[in-house]
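Below: the structure, in structure tokens.
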Amino acid sequence: MQTDLIANLTLAAPEVLLALSALALLMIGVFSGSRASTLVNGLTVAVLIAALALVILFPHDGKAFGDAYIADGFGRFMKILTLIGSIVTLIMSVGYAREEKFDKFEFPVLVVLATLGMLLMVSASNMLTLYMGLELQSLALYVLAAFNRDSVRSTEAGLKYFVLGALSSGMMLYGISLVYGYTGHIGFAEIAQAVSDGERELGLVFGLVFILAGLCFKISAVPFHMWTPDVYEGSPTPVTAFFAAAPKMAAMALILRVVGEAFAPVTHDWQQVIIFVALASMVLGAFAAIGQRNIKRLMAYSSISHMGYALVGLAAGTEIGVRGVLIYMLIYLIMTLGTFAFILAMRTKQGSVEGIEDLAGLSRSNPMMATAMTILLFSLAGIPPLAGFFGKWYTFVAAVQAGLYPLAIIGIVASVVGAFYYLRMIKIMWFDEPATEKFLPIAGELRLVLGASALLTLLYGLFAGYIVEWAATASQTFF
């Protein structure tokens, strides 16, 4: 019995580390007085880096806790992306939180708890673990959205996210209950066995649709995207950066896990849902962003369309498609972190600014910052030979090979439409008359993240082979 417990805890070592660290960090913060924020921030980054080291340096495969938790190559890939997203956003938030006077020690503790939920989502092997991880992540994110209590926008964002998040959780629970009712199981492997044995019932398909609806809310895919623009705009910018990075990795991993393991035998049923969601997300994200004047709202719609492009690979239902999704999520993470480092650096003497017009003439006042952002915007638009182009290439090729020609064509058209608002930002930075106020000098940590993201995006072709090989190994988990 003791041996089994040690084996289980060894498999789940990163999660155990984060859970114990969250409790310890909370106590340290409470008893540290005025220096609590700086101390807890530093310790939190160290803990997250330690968890990342455990995932990379001590890979374990197997199931734990009565097959409720699974560790495999796919899980490691997505956990690495999730942890990198959490670490980088936390580092980027330090200066902003100090300037905006909400540098409280609870912020990094909530990030740790949210990250713990994300890692559980990635390693979920039954419906209970899925829901537990999802809710642990969501409850922490609700608080983070409303973290700046002095801001009406932040409070409103938290309330909207909470109400709509509760609705999506209810839908998912209803779907899980239907699946359990028709199969008699909550484990992914057992559900797959049950649905492959006989003729599937209509109620089971309804259950699958409700589960996918709840999961699509978490990646802000259409038609469950309605919270995204308001929450992105209203939340403190470091929180928005966190929302755009780490949770998207974990939620996409969970969708892949659910359809690739639990419902693999009924590919035709979930494929139709994913095709519709991918189409709607790409089209709405591309067209709705055109009229935006707030850069955070624009990034919200950009995020919606990018989740649609990633789902194109999943809609193919093949190993090449899953590999495309993994590569796309990695590239999306790099581009998003760099873009939000730029947004966090948009500060004047009066404070933070978020208007796209505030970028006017940036190339003259800060050419390095403008150049790095231009590279990222070209990549987000999918211009070759930058990383964003290859991300879309892998997912569209998978769709074409699976015979989903209309999906690939509409994706390419939506990508062309989306290029308009990225190119407009580039035009404002390089060709418009300078804004009246210049941005303050960019902080060291933001300069590092922005420069590294732009460089990785620009030089993606040099290490593309390694990434494709890594993603191929991870995708074989489901095939």
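Scope of the values below: all heavy atoms of this structure, side chains included, with no hydrogens, waters or symmetry mates.
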request  = Tell me whether the centres of the aromatic rings in Y394 and Y328 are closer together than 6.0 Å.
outcome  =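 No, they do not, as the ring centres are separated by 6.0 Å or more.
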
Residue pairs involving [range] (criterion salt bridge (charged side-chain N to carboxylate O under 4.0 Å, His left out); sequence neighbours excluded):
range: residues 402-418; result: none
range: residues 329-352; result: E99-R347, E100-R347
range: residues 385-405; result: none

Ring geometry between Y161 and F243 (parallel below 30°, tilted from 30 to 60°, perpendicular above 60°) = tilted

Could you list the donor-acceptor pairs under 3.5 angstrom formed by side chains in residues 248-258, with sequence neighbours left out?
| residue | atom | partner | partner atom | Å |
| --- | --- | --- | --- | --- |
| K248 | NZ | S220 | OG | 3.3 |
| K248 | NZ | Y232 | OH | 3.0 |
| K248 | NZ | S303 | OG | 2.4 |
| R257 | NE | V122 | O | 3.1 |
| R257 | NH1 | D72 | OD2 | 2.6 |
| R257 | NH1 | E261 | OE2 | 3.1 |
| R257 | NH2 | D72 | OD1 | 3.3 |
| R257 | NH2 | V122 | O | 2.8 |

query = Partners of F210 by ring-ring contact (aromatic ring centres under 6.0 Å, His included), sequence neighbours excluded?
reply =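 Result, ring-ring contact (aromatic ring centres under 6.0 Å, His included) vs F210: Y174.
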
inquiry  = Going by ring-ring contact (aromatic ring centres under 6.0 Å, His included), name the residues that satisfy it together with F342, two or more places apart in sequence or in a different chain.
reply    =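 For F342, no residue satisfies ring-ring contact (aromatic ring centres under 6.0 Å, His included) once neighbours in sequence are set aside.
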
Can you name the side chain to side chain contact (heavy atoms under 4.5 Å, CB included) partners of [X], sequence neighbours left out?
X: L164; value: F217, M226, W227
X: A286; value: A414, V417
X: A262; value: F188, I191
X: F378; value: T374, I383, L386, L423, I426

query = With D230, which residues qualify under salt bridge (charged side-chain N to carboxylate O under 4.0 Å, His left out), at least two apart?
reply =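 Scan of D230 (salt bridge (charged side-chain N to carboxylate O under 4.0 Å, His left out), adjacent residues dropped) gives K160, R297.
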
Hey, can you pull the donor-acceptor pairs under 3.5 Å for the side chains in residues 307-324, sequence neighbours left out?
| residue | atom | partner | partner atom | Å |
| --- | --- | --- | --- | --- |
| Y309 | OH | S415 | N | 3.2 |
| T318 | OG1 | G321 | N | 3.1 |

query = Is K79 salt-bridged to E15, cutoff N-O under 4.0 Å?
reply =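 A salt bridge links K79 with E15.
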
key: L90 to S93 - nearest heavy-atom pair and separation   = O-OG, 2.7 Å

